[in-house]
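Each chain gets a letter, A, B and so on, in the order the sequences are listed, and its residues count up from 1.
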Protein chains: 2
Amino acid sequence: MPRTHGAGRVTTLSEVAEAAGVSLSTASKALNGRAQVAPATRARVQAAADRLSFTPNALARSLLEGKTGTVGLLTSDLEGRFVLPILMGAEDAFGAGQVNVFLCDARGDAIREQHHLKALLNRRVDGIIVVGRQTDPRPSLGQDLSVPVVYAYAPSDDPDDVSFTPDNVVGGRIVTQHLLDCGRTRIAHISGDPSYAAATDRVEGSQAALADAGLAPLGAPLFGAWSEQWGRDAAAQVFARHPDVDGIVCGSDQIARGVLETARDLGRSVPEDVAVVGYDDWQVLSTNSRPELTSVDANLQELGRTAARAIFAAIDGDPAPAGVERLPVKLVIRGSTIARR
Amino acid sequence: MPRTHGAGRVTTLSEVAEAAGVSLSTASKALNGRAQVAPATRARVQAAADRLSFTPNALARSLLEGKTGTVGLLTSDLEGRFVLPILMGAEDAFGAGQVNVFLCDARGDAIREQHHLKALLNRRVDGIIVVGRQTDPRPSLGQDLSVPVVYAYAPSDDPDDVSFTPDNVVGGRIVTQHLLDCGRTRIAHISGDPSYAAATDRVEGSQAALADAGLAPLGAPLFGAWSEQWGRDAAAQVFARHPDVDGIVCGSDQIARGVLETARDLGRSVPEDVAVVGYDDWQVLSTNSRPELTSVDANLQELGRTAARAIFAAIDGDPAPAGVERLPVKLVIRGSTIARR
DNA sequence: AAAGCGACCGAAAACCCTTTCGGGACTGTA
DNA sequence: TACAGTCCCGAAAGGGTTTTCGGTCGCTTT
């Protein structure tokens with residue numbers, strides 16, 4: 001660590017060289033493990049560097065190499081809880097190497113996004129990951145940037161870009177298939193805001209699973225909000241219209257929590273009378289309910305890692321194929337579909 | 001934006017100068033609004049810069065100025081939901097200016113933290129904000145760093161450092177005072193993991209409020225986990241031992257959700273029979289329950305902004321006073337303490 | 001003893017930008 | 001016409017590091 005407090009004064013390599021009685025270049029080679037340096041000299045330089053607590057200036061090095069070892073993470077909305085795991089996954093994948101992450105939150109504001117983008121380019125990041133808060137396509141940053149870009153969660157609307165997003169259609173399918181596997185046949189769907197692709201995609205997968213099994217859904221899917229309140233209200237409707245319902249696919253864990261509560265109020269036991277599944281596996285909701293919720297984990301952290309690896313590869317001149325890659329999700333089975341023991 | 005795609009080649013100032021038919025220095029002055037440049041010349045340079053989509057290299061500039069306009073955000077655990085709003089607040093305060101944020105997640109691992117710290121210093125950040133996930137004091141990074149450091153949420157254990165943390169004692173006090181103001185007198189406390197300062201601090205404030213009112217708590221505070229499950233179990237105990245309880249202070253919103261559920265099961269209506277308060281105002285829990293939860297908002301985003309401002313000031317040579325500053329929290333009143341209309 | 005070779009070190013360029021300072025050209029006045 | 005003054009522009013240094021290439025010194029071999 002640099003030695004001085006507060007004031008920006010930091011030891012420089014030439015000071016180390018002087019202290020060790022060698023030239024600048026020798027000091028550099030000694031500290032970087034280059035050959036052409038006598039072991040004794042190397043030790044002397046090393047000692048001097050330690051004594052002065054020398055810290056190489058990464059700026060100067062980057063200036064030379066043309067690579068900064070930094071990546072920009074451009075998020076549209078930090079508040080959204082989906083970006084965090086993605087961000088973690090990316091940070092994780094980078095942290096293993098020597099890459100650091102510039103975090104920029106655009107607040108869903110295009111102007112602010114442009115501003116941040118410019119700042120990132122000024123700082124010569126080696127690549128940019130754009131993380132959106134919905135799975136709906138978002139505007140591309142454009143093709144003529146000096147660094148590679150990948151999109152995570154929210155895919156780019158330009159098919160020439162590289163995007164990664166969770167596969168909501170398959171998610172809806174597998175969670176519905178699970179209900180079928182549990183022997184349920186009268187299955188209703190309660191989803192969230194229909195303006196979200198996440199809502200319609202999941203419904204689409206779910207309906208497909210039913211169709212494959214030769215079953216019809218129990219009424220049209222109900223769309224509303226991504227809230228417990230909506231879950232409670234919609235469940236009441238479902239139970240009223242279809243008293244024989246034995247499975248409910250929910251568009252989110254929040255909705256599922258509401259459904260559970262209404263079922264409880266109406267004296268329907270879960271999972272015996274009716275099985276309920278959530279989506280997203282937001283653990284604070286899914287593992288704290290009674291019974292715990294079967295749900296779909298979108299594996300967002302892995303998605304973040306994938307995006308990071310793609311950026312790595314692109315930086316090394318080996319870009320991923322353009323287009324939207326839909327990453328697998330996984331079913332997490334808990335008590336709301338299978339009775340305990 | 002730089003013009004070339006993928007490959008790192010980016011326009012440099014000397015290329016702009018050449019294109020405009022002026023010298024390097026003139027180009028610099030023209031683009032930076034310095035005087036000593038004829039308007040016509042300036043326009044010509046500007047045009048050339050636009051045409052080549054020139055982007056100034058922030059690295060070179062930083063090298064010169066000795067300031068990078070970057071700040072390190074060193075968090076111990078991204079997963080913790082407390083760091084996110086703090087991070088947003090900080091990012092917010094910086095975003096207004098020209099500062100960008102390096103995000104580093106140490107995963108609660110001291111080695112990784114040192115590693116990240118070193119990387120941040122190598123990159124010559126102008127300052128560092130350390131964000132912890134608990135309000136318990138954490139080890140200091142030490143005094144002999146070359147840049148100013150402030151601690152947010154988790155204060156440093158070294159009183160010479162600058163720390164900001166929410167005031168949990170006052171939080172416990174005001175939320176209890178609110179119950180008293182609602183006419184409640186038989187008040188129990190269900191808290192979380194007692195190894196957390198957050199648990200004990202809140203209890204301490206709560207007890208103090210009762211003592212000030214000349215009241216004794218209804219039994220010793222119950223400590224357990226920060227989960228709904230514990231809230232359900234503990235509430236059952238409280239109702240069994242103290243059937244006359246009319247107010248329950250919970251250590252977190254999760255616990256409060258559990259308490260609400262048990263109250264519902266036992267036919268105790270909230271808030272008429274018993275008023276319930278949560279803590280943290282985690283809105284996915286507090287505004288989705290029935291009734292909605294009165295809670296304490298720790299104002300974390302403001303805490304992040306405060307930390308950012310403190311770093312700003314310290315960078316400008318005006319450090320905040322050392323020690324732990326406890327920032328105010330605010331009571332959010334909802335239906336779990338006051339019946340709707 | 002001379003020549004040759006290997007081991008080691010240092011000078012200098014390069015990266016890209018900002019800023020200072022000196023000088024050139026032009027205008028106006030004596 | 002000559003000089004003072006003004007207005008622009010350009011040369012050069014500086015910031016910290018890495019890397020290349022040339023040079024020096026000592027040792028070995030004949």
Between R61(A) and V22(B), which is nearer to the 5' end of DNA chain D once each is assigned its nearest nucleotide? V22(B)
Which residue, K29(A) or T41(B), contacts DNA chain D at a nucleotide closer to its 5' end, judged by nearest heavy atom? T41(B)
Quickly work out the [X] [atom1] to [N] [atom2] distance and round it to whole Å.
X       : N       : atom1 : atom2 : value
L63(A)  : dG15(D) : CG    : P     : 14 Å
E65(A)  : dG16(D) : CD    : P     : 18 Å
R34(A)  : dA7(C)  : CZ    : P     : 18 Å
L13(A)  : dC9(C)  : CG    : C1'   : 14 Å
L31(A)  : dT19(D) : CG    : P     : 13 Å
L24(B)  : dA13(D) : CG    : P     : 14 Å
R123(A) : dC17(C) : CZ    : P     : 15 Å
K67(B)  : dG16(D) : NZ    : P     : 14 Å

dG10(D), dC9(C), dA14(C): which one has an atom nearest the side-chain heavy atoms of T26(B)? dG10(D)
Nearest to the V37(A) side chain among dT18(C), dC9(C), dT18(D), which nucleotide is it? dC9(C)
Is there a donor-acceptor contact under 3.5 Å from the side chain of D109(B) to the main chain of I111(B)? yes
base_contact_polar (dG16(D) base, T12(A) side chain, donor-acceptor, <3.5 Å): no
Within-4.5 Å side-chain heavy-atom neighbours: V147(A) and L121(A): yes
For Q134(B), does the CD atom sit with more than 12 other heavy atoms under 6.0 Å from it, leaving out its own atoms? yes
I want to confirm an ordering. Mapping S25(B) and A60(B) to their closest nucleotides on DNA chain C, which one lands closer to the 5' end? A60(B)
Compare side-chain N and O positions of S23(B) against OP1 and OP2 of dC9(D) and report whether any pair is under 4.0 Å apart. no
Below 4.0 Å: OP1/OP2 of dT18(D) and any side-chain N or O of N32(A): yes
Please determine whether a side-chain nitrogen of the Lys or Arg among R107(A) and D92(B) lies less than 4.0 Å from a carboxylate oxygen of the Asp or Glu. yes
Sort out for me which residue in V131(B), L141(B), V149(B), V125(B) forms a side-chain contact (heavy atoms from CB on, under 4.5 Å) with L74(B). L141(B)
